[in-house]
Amino acid sequence: MYEEKVMEEVRKWKLQATKKSTMLQRFSKGAQNKVNTFIPEKVHSVMTESIKKMVQGTLAGSNLTTKMNEGHVIMTLEEKEKWIQEKLNVYKRTAAMEGAGTGAGGILLGLADFPLLLSIKMKFLFEVAAIYGYDTKKYEERVFVLYIFQLAFSSDARRKEILRYVENWEDHKEEAKELDWRKFQQEYRDHIDLVKMFQMVPGFGAIVGAYANYNFLDQLGTTAKNCYRLRIFRGKGKDI
């Protein structure tokens, strides 16, 4: 039965999501945390506000261009997820082409990659929500999208914290609406910084950009599916 297979996938994904990162990842995160302490508070505030505005603008745009899937009521979970996989394949190719294009241009185009990739990721998440039958015109659903995003691109400790919210969304959605934008921008930036630095190297950057963006979307797709699966199964009273 498809649902039983999916429930097992969710269990394995939860173990993977809460798994301790590698020594290299921990070293990288520690180094980034150290660097962050040297950045003036004013710069942190400007970066936080900039990313907040960027994300909010992307959310508004994605909401306008994403239509609710009217057929979700009669579709089975398997049919929905087959459709989502088809969407994901398209978005992964789009992200790879965007990464290759901006990576080929060196530093200036490399900087343009950040908002472009963010827009692709958010648009994909809105499509996923619509296919599963969640209405992103509701503020709480747009917030849930941001928690999925954070879960996909955060450090060990932050992932565990966010997963608790996602697993018990109906109980925590009110307090979850107060988003910590400082943590949001810092965790996301730290997660992608190292890769994006290599992307700014002319020539070599095109290969890095295509590969990195493809994998970022793949990671986001896996996270999104399992977050919505958790909500669906919890709604049916099934504990995972």
Side-chain angles (χ1 to χ4, degrees), residues 1-19 58-59 62-63 66-96 117-136 138 140-154 156 158-170 172-173 176 187-188 191-192 212-240:
M1 188 178 175
Y2 187 75
E3 284 201 4
E4 290 176 358
K5 171 179 168 287
V6 165
M7 286 176 74
E8 184 57 33
E9 285 181 14
V10 175
R11 291 187 190 100
K12 289 179 180 177
W13 169 77
K14 279 177 61 181
L15 286 173
Q16 187 66 31
T18 54
K19 186 179 171 184
T58 303
L59 287 175
S62 298
N63 197 36
T66 304
K67 294 181 180 179
M68 270 291 290
N69 166 34
E70 298 296 337
H72 76 272
V73 177
I74 58 172
M75 292 175 72
T76 65
L77 180 61
E78 186 172 8
E79 288 169 336
K80 290 176 184 178
E81 296 200 334
K82 183 180 178 183
W83 190 6
I84 288 168
Q85 187 58 50
E86 290 169 0
K87 291 274 187 185
L88 178 58
N89 292 338
V90 172
Y91 275 91
K92 286 196 291 188
R93 289 194 294 270
T94 302
L117 181 59
L118 184 64
S119 178
I120 291 168
K121 288 171 178 173
M122 290 300 176
K123 175 63 177 167
F124 168 70
L125 288 176
F126 271 62
E127 295 260 19
V128 172
I131 292 173
Y132 277 119
Y134 293 95
D135 187 0
T136 51
K138 295 178 180 177
E140 65 189 55
E141 294 302 336
R142 296 198 297 277
V143 173
F144 188 74
V145 161
L146 292 179
Y147 273 82
I148 294 173
F149 186 91
Q150 289 183 88
L151 187 54
F153 306 114
S154 288
D156 295 357
R158 185 66 176 150
R159 277 201 311 271
K160 289 173 184 174
E161 185 182 336
I162 295 168
L163 186 57
R164 285 196 294 271
Y165 277 107
V166 170
E167 280 190 288
N168 304 284
W169 184 249
E170 292 305 315
H172 296 299
K173 62 184 179 184
E187 289 283 343
Y188 180 53
H191 190 89
I192 69 172
N213 285 8
Y214 185 93
N215 281 284
F216 283 147
L217 260 294
D218 193 51
Q219 184 177 345
L220 186 62
T222 299
T223 305
K225 280 197 298 184
N226 284 296
C227 285
Y228 280 112
R229 285 167 169 177
L230 274 173
R231 281 187 73 181
I232 289 167
F233 292 136
R234 285 294 171 95
K236 293 180 177 180
K238 295 180 180 179
D239 196 20
I240 300 178

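Excluded from the calculations below are hydrogen atoms, water molecules and symmetry mates; all remaining heavy atoms, backbone and side chain alike, are included.
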> Heavy-atom distance under 4.5 Å between the side chains of E81 and V6, does that happen here?
Replying inline: yes
>> According to salt bridge (Lys or Arg N to Asp or Glu O under 4.0 Å), who are the partners of E79, at least two apart in sequence or on a separate chain?
In response: none
>> Check this for me: K238, atom NZ, are more than 12 non-hydrogen atoms of other residues, nucleotides or ligands nearer than 6.0 Å?
In response: yes
> With sequence neighbours excluded, what pairs up with R231 under the side-chain contact (heavy atoms from CB on, under 4.5 Å) test?
Replying inline: Y134, E141, F144, W169, E170, Y228
> Looking just at side-chain N and O atoms, do Q219 and N215 make a donor-acceptor pair shorter than 3.5 Å?
Replying inline: no
> Partners of E78 by salt bridge (Lys or Arg N to Asp or Glu O under 4.0 Å), sequence neighbours excluded?
Replying inline: none
> How would you list, by chain and number, every residue that makes a salt bridge (Lys or Arg N to Asp or Glu O under 4.0 Å) with E4, sequence neighbours excluded?
Replying inline: none
> Hey, does the side chain of R159 reach the backbone of T18 with a donor-acceptor pair shorter than 3.5 angstrom?
Replying inline: no
>> Holding to ring-ring contact (aromatic ring centres under 6.0 Å, His included), I want the full list of residues that pass it with W13, two or more places apart in sequence or in another chain.
In response: none
> Mind checking what makes salt bridge (Lys or Arg N to Asp or Glu O under 4.0 Å) contact with E9, not counting sequence neighbours?
Replying inline: K5, R229
> Above 12 or not: heavy atoms from other molecules or residues under 6.0 Å from OH of Y147?
Replying inline: yes
>> Salt bridge or not between E187 and R158? Use side-chain N to carboxylate O under 4.0 Å.
In response: no
